[in-house]
Number of protein chains: 2
Amino acid sequence: MKKISESAVRRLSLYLRLLRGIAGDQELISSQELAEPSGSTSAQVRKDLSLFGSFGQRGKGYSVPELIDTLERILGLERRWRVAVVGVGKLGSALLGYRGLSERGFDVVVAFDVDTEKVGTELNGIDICSIDSLSRVVRERGVEIGIIATPPEEAEGIVSRLADAGVSAVLSFAPIELGNRDPMVVRTMDLALELEGLTFALTSARNGDS
Amino acid sequence: MKKISESAVRRLSLYLRLLRGIAGDQELISSQELAEPSGSTSAQVRKDLSLFGSFGQRGKGYSVPELIDTLERILGLERRWRVAVVGVGKLGSALLGYRGLSERGFDVVVAFDVDTEKVGTELNGIDICSIDSLSRVVRERGVEIGIIATPPEEAEGIVSRLADAGVSAVLSFAPIELGNRDPMVVRTMDLALELEGLTFALTSARNGDS
DNA sequence: GGCGGCTTGTGAAAACCTTCACAAGAAACC
DNA sequence: GGTTTCTTGTGAAGGTTTTCACAAGCCGCC
Ligand SMILES: NC(=O)c1ccc[n+]([C@@H]2O[C@H](COP(=O)([O-])OP(=O)(O)OC[C@H]3O[C@@H](n4cnc5c(N)ncnc54)[C@H](O)[C@@H]3O)[C@@H](O)[C@H]2O)c1
Ligand SMILES: NC(=O)c1ccc[n+]([C@@H]2O[C@H](COP(=O)([O-])OP(=O)(O)OC[C@H]3O[C@@H](n4cnc5c(N)ncnc54)[C@H](O)[C@@H]3O)[C@@H](O)[C@H]2O)c1
C-alpha cells in the first residue's frame with residue numbers, strides 16, 4: 001500500500017473533527033469549505049482524500065455523512081478502542097474524567113498506579129489496579145492502547161511492560177524520548193516542547209525575519 | 001532570514017531536552033550520539049544546527065554546555081516566560097501543579113476561570129482571577145503566553161480576549177480549530193487527534209501495508 | 001438538448017526536506 | 001612531521017509533499 005505521511009493523517013483527523021461539528025446542518029461540503037477552517041487549501045483536501053479513493057461528486061462536493069463514514073473507516077474509527085491510563089496522579093485523574101475520549105471512540109477501561117492508597121479504588125467508574133497486575137488485567141480487559149501519565153523516569157519501563165502484555169500503541173505525556181518497539185506504535189506529547197515551538201516563533205519574529 | 005521548518009524546530013527542542021539530561025556527565029557529544037536517542041540521524045542533526053551557525057569542532061564534536069546555551073538562545077529560552085492558564089477545571093488544575101513547566105522556563109503567574117467558587121482562591125500559590133478581569137490582569141502581570149483549558153466552545157472567544165490584551169502566543173487543549181490571529185501564534189494539542197494517529201497506524205498495519 | 005457555472009480528481013511542476021558523500025580540520029600516536 | 005582516525009559542515013542528489021492548472025463530470029436553466 002502507498003505510504004501516507006503523518007501530516008496527511010493529521011489533516012484527515014482535522015477534517016473529520018470539523019465534519020462531525022457540522023453534521024446535520026449541511027448535506028454537502030466542498031473541498032474549499034473543508035479547507036478553510038482547518039487552515040488548509042482545497043487542493044490539499046482533494047489530494048489527501050484522493051490517496052484513498054474518490055468520494056466526491058464533481059460539481060457538487062462531498063456528502064457530509066458519507067465523508068464522515070469514510071474518514072472513520074480510514075482512520076480505524078468504525079469501532080471503539082480500549083484504553084488504559086497508567087499513572088493516576090494530577091494528569092491521570094484529569095484523563096479519567098475526560099469525556100472527550102469516549103466522545104471520540106476511546107473507552108478508558110482501566111487505570112494503573114503504584115500508590116497503594118489509590119489501588120483498589122475507582123475514579124469515574126474506572127478501576128485503579130496495581131501496576132503489578134498490569135499484564136494480567138490488560139489481557140483480561142482487552143486493552144489495545146496505553147496512555148502514560150507517570151513520572152518520566154518510569155515511562156520507559158512501563159512501555160516495556162505494555163509491549164509484553166500485547167498492547168499495540170502508546171501515547172505518553174512523559175517528556176522523555178521512548179525507544180520505538182516495533183511493532184508497537186509510540187507517540188509522545190510534550191507540553192513544554194510545544195511551548196518551545198511558540199517561543200521560537202516569538203523570538204525569531206522579534207529579531208529579523210520577513 | 002532563512003525559513004526554518006516546524007519539524008526542524010521540534011528536533012532542536014528534542015536535542016535540548018536530551019542535552020539537559022546528560023549535562024554534567026559528558027563534556028562533548030557527537031552528532032551521532034545526539035541523533036540516536038532522539039530518533040534522528042547524524043546528518044540531520046548537523047544540518048539542523050548548521051541552519052544557525054557552526055557550533056561544533058571537527059574531529060571532536062559539540063561542547064555540551066555550549067550547545068545547551070546555543071539551543072536555548074535559538075529557541076528563545078535564555079529567559080523565562082510568563083504564562084496564564086485559562087480554565088481551572090480538571091486539566092487546568094493539573095497544569096497549575098505541573099512542575100515540568102517551571103523546570104523548562106515557563107512560569108504560570110496567574111489563572112482565570114468563570115466559576116465564582118474558584119475565583120479569589122489560589123492553587124499551588126497561583127491566584128485564580130475572574131475571566132472578566134483578564135485584560136487588566138494580563139497587562140499588570142506581563143503575561144506573554146496563554147494556555148487554554150476551558151470547554152471547546154469558549155476557546156475562540158478567549159483567544160480573542162487574550163489577543164486584545166496583548167498576549168502573543170496561545171497553546172490550546174480544546175479540540176477545536178482556532179482562527180490564526182496574526183501576529184499571535186496559536187497552537188492546539190488535541191489528545192484524541194493524537195490517538196487517531198495511532199489507530200490509523202494500527203489499522204493500516206493490520207490491512208495490507210508493506 | 002445544449003450551455004454555463006461549479007467542483008472534483010489528478011498529472012505535472014514547484015517547493016521543501018532529508019540523506020549522501022566528501023573535503024577540511026582536530027587530535028593522538030609513532 | 002607524517003599518518004591514521006575521528007567528526008564537522010555543506011553542496012549536491014534524492015525523495016517527499018504541496019501547489020498548480022485543467023480535463024471531466026454534475027446540475028440547473030433556458
Ligand atoms: N500535571 C500536568 O499537568 C502535566 C502536564 C503535561 C505532562 N505531564 C507529565 O505527565 C506525567 C504525570 O504528571 P502528574 O503531574 O500527573 O504527576 P503526579 O506525580 O501527580 O502523578 C504521577 C502518578 O504516577 C504514579 N506512578 C509513579 N510510578 C508509577 C509506576 N511505576 N507505575 C504506575 N504508576 C506510577 C504515582 O503514584 C502518581 O499517582 C509526568 O511525566 C509529567 O511530566 C503532566
Ligand atoms: N480533562 C482532560 O484530561 C483533558 C484532556 C485533554 C483535553 N482536554 C480539554 O481541555 C479543556 C478542559 O477540560 P477539563 O476536563 O478540564 O474541563 P472542566 O469542565 O473540568 O473544566 C473547565 C473549566 O473551565 C472553566 N470555564 C468555562 N468557561 C470559561 C470561560 N469562558 N472562561 C474561563 N473559564 C471558563 C470552568 O469553570 C471549568 O473550571 C476541554 O476543552 C477539554 O476538551 C481535557
Side-chain angles (χ1 to χ4, degrees), chain A residues 1-15 18-19 22 26-68 70-71 74 180 197 200 204 209-210, chain B residues 1-15 19 22 26-68 70-71 74 180 197 200-201 204 209-210:
Chain A
M1 178 145 185
K2 173 99 87 342
K3 165 102 184 317
I4 308 295
S5 73
E6 197 168 305
S7 39
V9 176
R10 179 168 292 270
R11 283 191 303 269
L12 292 175
S13 283
L14 283 174
Y15 304 152
L18 230 132
L19 287 165
I22 60 163
Q26 205 175 336
E27 188 60 29
L28 286 169
I29 191 166
S30 68
S31 54
Q32 177 62 45
E33 289 172 288
L34 201 41
E36 207 153 319
S38 49
S40 189
T41 67
S42 63
Q44 182 75 79
V45 169
R46 295 199 302 276
K47 198 53 134 190
D48 287 340
L49 294 174
S50 78
L51 294 171
F52 300 90
S54 298
F55 312 115
Q57 291 164 270
R58 298 180 184 218
K60 298 179 69 180
Y62 301 87
S63 150
V64 173
E66 274 179 30
L67 194 49
I68 290 176
T70 303
L71 287 173
I74 292 171
N180 233 20
F200 172 81
S204 61
D209 88 341
S210 70
Chain B
M1 178 146 186
K2 174 99 86 343
K3 166 101 185 314
I4 309 295
S5 74
E6 197 168 306
S7 41
V9 175
R10 180 168 291 269
R11 283 192 303 270
L12 292 174
S13 283
L14 283 174
Y15 304 152
L19 287 165
I22 60 163
Q26 207 176 334
E27 189 59 29
L28 286 169
I29 192 165
S30 69
S31 53
Q32 177 63 47
E33 290 173 286
L34 201 41
E36 208 154 316
S38 48
S40 188
T41 67
S42 63
Q44 183 74 81
V45 169
R46 295 199 298 280
K47 199 54 135 188
D48 287 341
L49 294 174
S50 79
L51 294 171
F52 300 91
S54 299
F55 311 116
Q57 291 163 271
R58 297 179 183 219
K60 298 179 68 181
Y62 301 86
S63 152
V64 173
E66 274 179 30
L67 193 48
I68 290 176
T70 302
L71 287 173
I74 291 171
N180 233 19
F200 172 81
S204 61
D209 87 341
S210 70

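First the proteins, then the strands, lettered A, B, ... as listed; each starts at 1.
- By the side-chain contact (heavy atoms from CB on, under 4.5 Å) test, B:Gln57 is found to be paired with B:Leu28, B:Lys60, residues two or more places apart in sequence or in another chain being considered.
- Note on the helix from C:dG1-D:dC30 to C:dC30-D:dG1: angle between the axes of the first and last five pairs equals 0°, rounded to 10 degrees.
- Once rounded to the nearest 0.5 Å, the distance linking OG of B:Ser204 with CZ of A:Phe52 reads 8.0 Å.
- To the nearest 0.5 angstrom, B:Phe55 atom CZ is 8.0 Å from B:Leu67 atom CG.
- Between B:Arg11 atom CZ and B:Leu49 atom CG the span is 10.0 Å, to the nearest 0.5 Å.
- Among residues two or more places apart in sequence or in another chain, the side-chain contact (heavy atoms from CB on, under 4.5 Å) test is passed with A:Ser5 by A:Ser7, A:Ala8.
- We find the CD1-OH distance between A:Ile68 and A:Tyr62 to be 15.0 Å, quoted to the nearest 0.5 Å.
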Can you name the atoms? Protein N/O to nucleotides 26-30 of chain C N/O, anything below 3.5 Å, with the distance.
| unit_1 | atom_1 | unit_2 | atom_2 | d |
| --- | --- | --- | --- | --- |
| C:dA26 | O4' | B:Arg58 | O | 2.9 |

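- Applying the salt bridge (charged side-chain N to carboxylate O under 4.0 Å, His left out) criterion to A:Arg46, with sequence neighbours excluded, gives no partner residue.
- Rounding to the nearest 0.5 Å places CG of A:Leu18 at 6.5 Å from CD1 of A:Ile29.
- In 5' to 3' order, the nucleotides of DNA chain D bounding all contacts with chain A (an atom under 4.0 Å from a heavy atom) are D:dT17 to D:dC27.
- A distance of 8.0 Å separates CZ of A:Phe200 from CD1 of B:Ile74, quoted to the nearest 0.5 Å.
- The stretch residues 30-48 of chain A touches DNA chain C through A:Ser30, A:Ser31, A:Arg46, A:Lys47, each having a heavy atom under 4.0 angstrom from the strand.
- Put simply, CZ on B:Arg11 is 16 Å from P on C:dC16, counting in whole angstrom units.
- Atom OH of A:Tyr62 and atom C1' of C:dC6 are 13 Å apart (whole Å).
- Residues passing the side-chain contact (heavy atoms from CB on, under 4.5 Å) test with B:Glu27, sequence neighbours excluded: B:Ser63, B:Pro65.
- B:Ser13 meets the side-chain contact (heavy atoms from CB on, under 4.5 Å) test with A:Leu193, A:Glu196, B:Leu75; sequence neighbours excluded.
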Please tabulate, one pair per line, all N/O donor-acceptor pairs under 3.5 Å involving side-chain atoms of residues 33-45 of chain A, not counting sequence neighbours.
| unit_1 | atom_1 | unit_2 | atom_2 | d |
| --- | --- | --- | --- | --- |
| A:Glu33 | OE1 | A:Ser30 | N | 2.9 |
| A:Glu33 | OE1 | A:Ser30 | OG | 3.3 |
| A:Glu33 | OE2 | A:Gln26 | NE2 | 3.0 |
| A:Glu36 | OE1 | A:Gln32 | NE2 | 2.9 |
| A:Ser38 | OG | A:Leu34 | O | 2.8 |
| A:Ser38 | OG | A:Ala35 | O | 3.2 |
| A:Thr41 | OG1 | A:Gln44 | N | 3.1 |
| A:Gln44 | NE2 | A:Asp48 | OD1 | 3.2 |

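- Atom NZ in B:Lys3 sits roughly 19 Å away from atom P in C:dA14 (whole-Å rounding).
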